[in-house]
Each structure stands twice: as structure tokens, then as C-alpha cells.
Enquirer: 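Submitted below is the structure of interest, expressed as C-alpha cells.
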Amino acid sequence: MAHDIFTPDFKTEPYWLDGLTPAGTGNPSLPASADVVIIGGGYTGLNAAIETARGGRSTVVIDAEAPGWGCSTRNGGQISTSIKPGWEELCRHYGTERGTAVAREGHNALSWIEDFIRRESIDCGFSVVGRFHAAHSRRAFERLAAGIGKRPPGLEIPAEVVPRSEQRRELGTDAYWGGVVYPRHAALQPAKFHKGLVERALAAGSVIVSRCHASRIDRDSKGFIVTTGLGAIKARDVIVATNGYTGTVTPWQRRRVIPIGSYVIATEPISRDLMDRLMPTQRIISDTRKVVYYYRPSPDHTRIVFGGRVSAAETDPRVSGPRLHADLVAVFPELAGIRVSHSWMGFVAYTFDTLAHTGVHDGIHYAMGYCGSGVSMASYLGMRAGQKMLGLAVGCTGFDDIGFPTRPFYTGRPWFLAATVACYRWLDRRT
Ligand SMILES: Cc1cc2nc3c(=O)[nH]c(=O)nc-3n(C[C@H](O)[C@H](O)[C@H](O)COP(=O)(O)OP(=O)(O)OC[C@H]3O[C@@H](n4cnc5c(N)ncnc54)[C@H](O)[C@@H]3O)c2cc1C
């Protein structure tokens with residue numbers, strides 16, 4: 001029965017918030033004007049704010065909830081190169097020069113976040129633990145192994161093939177057909193990273209206003225007027241950093257991102273012996289399914305944080321929790337008696353070309369569409385958007401002007417999602 005699965009102190013809040021005191025934002029009122037108004041207080045918005053405020057622009061970040069309420073405190077804390085299409089596919093679509101430039105941004109984002117966290121001394125458990133990418137079928141393993149090493153000079157991805165016979169040195173299960181270790185991939189504690197960003201944005205002079213929902217953006221002679229639930233603010237520049245929560249205030253962007261719920265559980269503490277057997281390393285884990293599972297040990301190696309998409313349509317964390325638990329037990333049968341202490345969800349933003357996008361539309365800057373891999377990419381593109389506002393050439397990226405596709409009749413409600421997920425599950429069973 002579902003209720004037996006939850007611990008007595010079960011929460012529908014992210015595990016990452018346990019024991020974490022939120023960074024105080026000073027609870028300011030909305031200023032009348034600013035050089036830069038940033039809508040959305042997650043990784044994208046705050047990294048943009050750090051740049052613009054340090055560059056001398058008066059900067060106001062507004063969030064409809066508390067900053068970090070979106071994905072930026074809810075994610076799995078897994079960091080990769082964040083680009084879904086392969087290099088060959090990118091070159092076919094955009095030509096070799098632009099395709100390579102886009103692929104390179106994934107590497108840039110990964111290197112940049114590592115350097116940034118170290119430079120800023122952000123205490124968020126950042127560690128280059130590596131990823132074990134597990135093959136869900138024999139054919140998936142063969143494809144994975146065959147793809148190793150097929151990258152151009154400068155875009156190599158270090159990788160080590162792990163055959164099924166050696167899999168238990170990575171993961172205590174026989175549920176997979178081997179996999180590949182990507183040693184450069186990293187992990188962090190998402191909410192601690194977000195807190196570090198809030199503190200640095202404030203220290204740089206930004207004003208962060210919570211529970212301030214932007215409902216309208218109008219042009220005026222000197223820039224924009226952003227109308228919010230707390231009044232209006234004039235801005236010379238605006239950046240939209242709303243990703244999977246992009247709403248009607250920016251209909252052009254809303255038509256281009258597909259909000260998809262991603263669901264996560266954390267287990268109650270697991271004995272050291274069992275943890276060492278199931279997860280002998282601190283690596284992050286993902287698998288080759290289209291409807292992917294991603295998981296990892298908690299930073300203190302006492303629990304497993306396990307995520308995926310467990311329902312065709314969006315659902316409640318109390319419903320997704322037992323389903324994720326069943327999927328976790330399918331990988332690690334020894335966890336059948338281990339309960340769930342936290343179950344939560346958040347909306348990622350997919351795009352029709354599975355690429356992140358950044359640019360300027362009608363004078364409004366935006367960065368979004370990280371397709372579920374935004375810890376490094378949202379931070380990096382937010383930072384670059386901030387640099388662009390300062391007029392710095394270094395703010396330009398490989399993503400600029402690649403075109404942000406939508407589909408006829410799509411207005412931001414993904415009516416096709418349930419059918420797509422069902423189709424992907426069917427493919428996962430056959431490939
Ligand atoms: C469950 C889950 C697991 C994930 N796991 C990983 C992972 O392991 N690795 C990885 O790289 N990525 C992962 N991601 C994705 C990653 O978390 C996101 O790509 C990233 O956090 C996006 O940051 P953001 O700042 O763009 O958006 P968000 O952090 O979502 O912030 C957007 C903010 O905009 C605000 N907002 C929206 N509309 C308005 C408005 N009109 N007015 C004011 N404010 C508004 C919202 O309140 C919200 O706080 C995961 C996401 C989820 C949900």
C-alpha cells in the first residue's frame with residue numbers, strides 16, 4: 001500500500017532544502033525603476049544578475065514565488081555537457097562551423113561552472129564524481145560503446161566502457177547491460193548552489209523581490225515597463241529567465257518551450273554496508289532510455305535520490321513517489337523495505353529541437369529551454385546574457401541566432417505530451 005512506503009516525516013519538498021536556511025533577501029519593496037529587470041530568480045536569472053550588478057547596472061530580480069522555487073532547488077544536481085543532439089547531427093543541421101560552436105558550448109558550460117564555483121568559493125558540495133551511463137538493453141550497450149571516440153579534436157569526451165561483467169564495480173545491480181563512465185561529469189547540492197548565487201547577487205548590489213509575478217511587459221520611450229502584482233517597474237533592459245514556468249507574460253517564448261514535469265524521490269537513510277554495495281562510488285547515474293531515470297547517492301552517502309518521469313500526464317508527488325519507489329526497487333531489489341522520505345517534482349523546459357536557446361526578441365533578452373540539463377547551461381547562459389546586457393562581445397554564444405522553433409497551433413500547453421511519453425516507453429521496450 002502506498003502509505004507504507006512513506007516515512008512518518010515524509011515531505012513533498014525537495015530533500016535538498018532539509019536543514020538549509022534560505023538566504024535572506026531583505027524582503028525589499030519593488031523599486032520604481034532599474035537598469036535591468038530580470039524575471040525569474042533561478043540559476044539563469046541570478047547568474048545574469050551577478051554579471052549586470054557587478055558591471056554597475058542597477059539590477060532587480062523578481063520571482064513570482066521565492067527565488068529558487070522553480071527547478072533550481074528541485075533538480076538532481078547532475079552536471080554534464082548539457083547538449084542533447086550529437087555533434088554530427090548539429091553539423092548536419094547548422095553546418096560544421098555553427099554545429100561545432102553549439103557543441104563546444106556544452107563543454108564551455110561544464111568548465112565554466114567548475115571554475116565559477118571554485119572562484120566564488122560557493123559551498124555546494126561541487127565534485128567531479130563522474131557519471132555511469134547505464135545501458136538498458138544489449139543493443140543500447142552496443143550503440144553506446146560504438147559511439148565512444150567519435151568526436152572531433154577539441155570536443156573529445158573522455159569515456160570508459162564498462163562491460164556487464166564489470167558493472168558491479170559501478171552499481172550493485174544486474175538490471176543493466178553495462179554502460180559507460182564519463183569521468184568529467186560532476187555533482188552538486190542544487191539548493192546550496194542556488195543559495196550561494198542569491199548571496200553573491202545580493203553582495204553585488206542586486207535587489208531580489210519575492211512573490212512578485214510579472215503580468216505584462218510594455219515598451220516606453222526609454223525601455224520597458226514591467227507590470228507586476230506589486231506594482232510597475234521601469235527598466236532599460238529586461239531578461240526573461242522563466243524556463244519551465246514561462247507563462248503568458250511572454251507569449252512568444254511560451255510558444256517555444258514545452259513544460260514537462262520531472263519527478264524525484266529521496267529514500268530514508270540506508271545502512272552504510274548496503275549503500276557501499278549498491279553505490280560503491282559517489283558517481284551520478286543515468287540510463288539510455290528515452291524516458292530516462294537519473295539518480296545518485298546523497299552527498300553524505302546515506303540515501304539515494306532517484307528521479308524520472310513516471311506518469312504519462314502530470315501527477316502529484318504523493319502519486320509519483322510510490323511509482324518511483326517501485327522503479328528504484330526494480331533496479332535494486334534489496335531496497336524493497338526502504339521507505340521514501342521526500343517526493344517532489346518540477347517543470348523542466350524542453351524545446352522542439354532539444355537545444356537551449358538564448359537571444360533577444362522584441363528587445364527582450366531571454367535564456368531558456370535546457371531540456372532537463374540546466375544546472376551548468378542555465379548558469380552559463382544566464383551569465384552570458386548578463387554580459388550581453390553590458391555590451392560585452394564575450395556574451396555572444398554559439399546559440400545566438402540559431403532560430404528558436406515552435407509548431408503551428410502550439411501555445412504552451414503540451415497536449416501531445418502523454419502520447420509522446422507513451423510512444424517513448426514503447427520504443428524503450430523495443431530498443
Ligand atoms: C526534478 C528535476 C530534476 C532535474 N535534474 C537536473 C539535473 O540533474 N541536472 C541538470 O543539469 N538539470 C536538471 N534539471 C533542470 C534544471 O534544474 C533547470 O534547467 C534549471 O534549474 C533552470 O533554471 P532557471 O533559472 O532557468 O529556471 P527555474 O529555476 O525553473 O526558475 C524559473 C523561475 O521563474 C519564475 N517565474 C515564472 N514566471 C514568472 C513571472 N511571470 N513573474 C515572476 N517570476 C516568474 C518561477 O517562479 C521560477 O522560480 C532538473 C529539473 C527538475 C525539475
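Whatever order the structure lists them in is the order used to number ligands and atoms, beginning at 1. Computed from a prediction, not measured in an experiment: that's the story for all the values here.
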Enquirer: Record the part of Ser80 in heavy-atom contact with ligand 1 below 4.0 Å; permitted values are side chain, backbone, both and neither.
Expert: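 Looking at Ser80 and ligand 1, no heavy atom falls under 4.0 Å.
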
Enquirer: Using a 4.0 Å heavy-atom threshold (strictly under), name the region of Tyr294 that reaches ligand 1: side chain, backbone, both or neither.
Expert: side chain

Enquirer: Please list the nearest protein heavy atom to atom 13 (C) of ligand 1 with its residue and the distance rounded to 0.1 Å.
Expert: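 Closest protein heavy atom to atom 13 (C) of ligand 1: Gly372 O, 3.1 Å.
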
Enquirer: Looking only at heavy atoms, is any part of Ala349 under 4.0 Å from ligand 1, and if so is it the side chain, the backbone, or both, or is it neither?
Expert: neither

Enquirer: Do the side chains of Glu65 and Arg74 get close enough for a salt bridge, i.e. N-O under 4.0 angstrom?
Expert: no

Enquirer: Where on Val264 is there a heavy atom closer than 4.0 Å to ligand 1, on the side chain, on the backbone, on both, or on neither?
Expert: side chain

Enquirer: Determine whether the side chain, the backbone, both or neither of Tyr43 has a heavy atom under 4.0 Å from any heavy atom of ligand 1.
Expert: both

Enquirer: Pick one of side chain, backbone, both or neither for how Ile39 approaches ligand 1, counting any non-hydrogen atom pair under 4.0 Å.
Expert: side chain

Enquirer: Against heavy atoms of Ala241, which atoms of ligand 1 measure under 4.0 Å?
Expert: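 Going through ligand 1 atom by atom, the ones under 4.0 Å from Ala241 are 32 (C), 34 (O).
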
Enquirer: Could you tell me whether Arg309 and Glu314 have a side-chain N and a carboxylate O separated by less than 4.0 Å?
Expert: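 Counted as a salt bridge, because a side-chain N and a carboxylate O are separated by less than 4.0 Å.
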
Enquirer: Should Gly76 be counted as touching ligand 1, given the test is an N or O pair under 3.5 Å?
Expert: yes

Enquirer: Identify whether NZ of Lys or CZ of Arg in Arg255 sits under 6.0 Å from the centre of the six-membered ring of Trp252 and within 45° of that ring's axis.
Expert: no

Enquirer: What residue and atom, counting heavy atoms only, is the protein's closest point to atom 24 (P) of ligand 1, and at what distance?
Expert: Thr44 OG1, 3.5 Å

Enquirer: If the cut-off is 4.0 Å to any non-hydrogen atom of Gly346, which atoms of ligand 1 fall inside it?
Expert: 53 (C)

Enquirer: Using a 4.0 Å cut-off to any heavy atom of Gln78, which atoms of ligand 1 qualify?
Expert: 7 (C), 8 (O), 9 (N), 10 (C), 11 (O)

Enquirer: Taking 4.0 Å as the limit for heavy-atom contacts, which would you say applies to Val249 with ligand 1: side chain only, backbone only, both, or neither?
Expert: side chain

Enquirer: With rounding to the nearest 0.5 angstrom, report the CD1 to CG distance, Ile113 to Leu188.
Expert: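 Separation between the atoms: 6.0 Å.
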
Enquirer: State the atoms of ligand 1, each with its element, that fall below the 4.0 Å cut-off from a heavy-atom position in Asn75.
Expert: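 In order of number, 2 (C), 3 (C), 4 (C), 5 (N), 6 (C), 13 (C), 14 (N), 17 (O), 50 (C), 51 (C).
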
Enquirer: Give the residue, atom name and distance (to 0.1 Å) of the protein heavy atom nearest atom 41 (N) of ligand 1.
Expert: Ala214 O, 3.0 Å

Enquirer: Identify, by atom number and element, the atoms of ligand 1 in contact range of Cys212, meaning under 4.0 Å from any of its heavy atoms.
Expert: 42 (N), 43 (C)

Enquirer: Is any side-chain heavy atom of Asn243 less than 4.5 Å from a side-chain heavy atom of Val257?
Expert: no

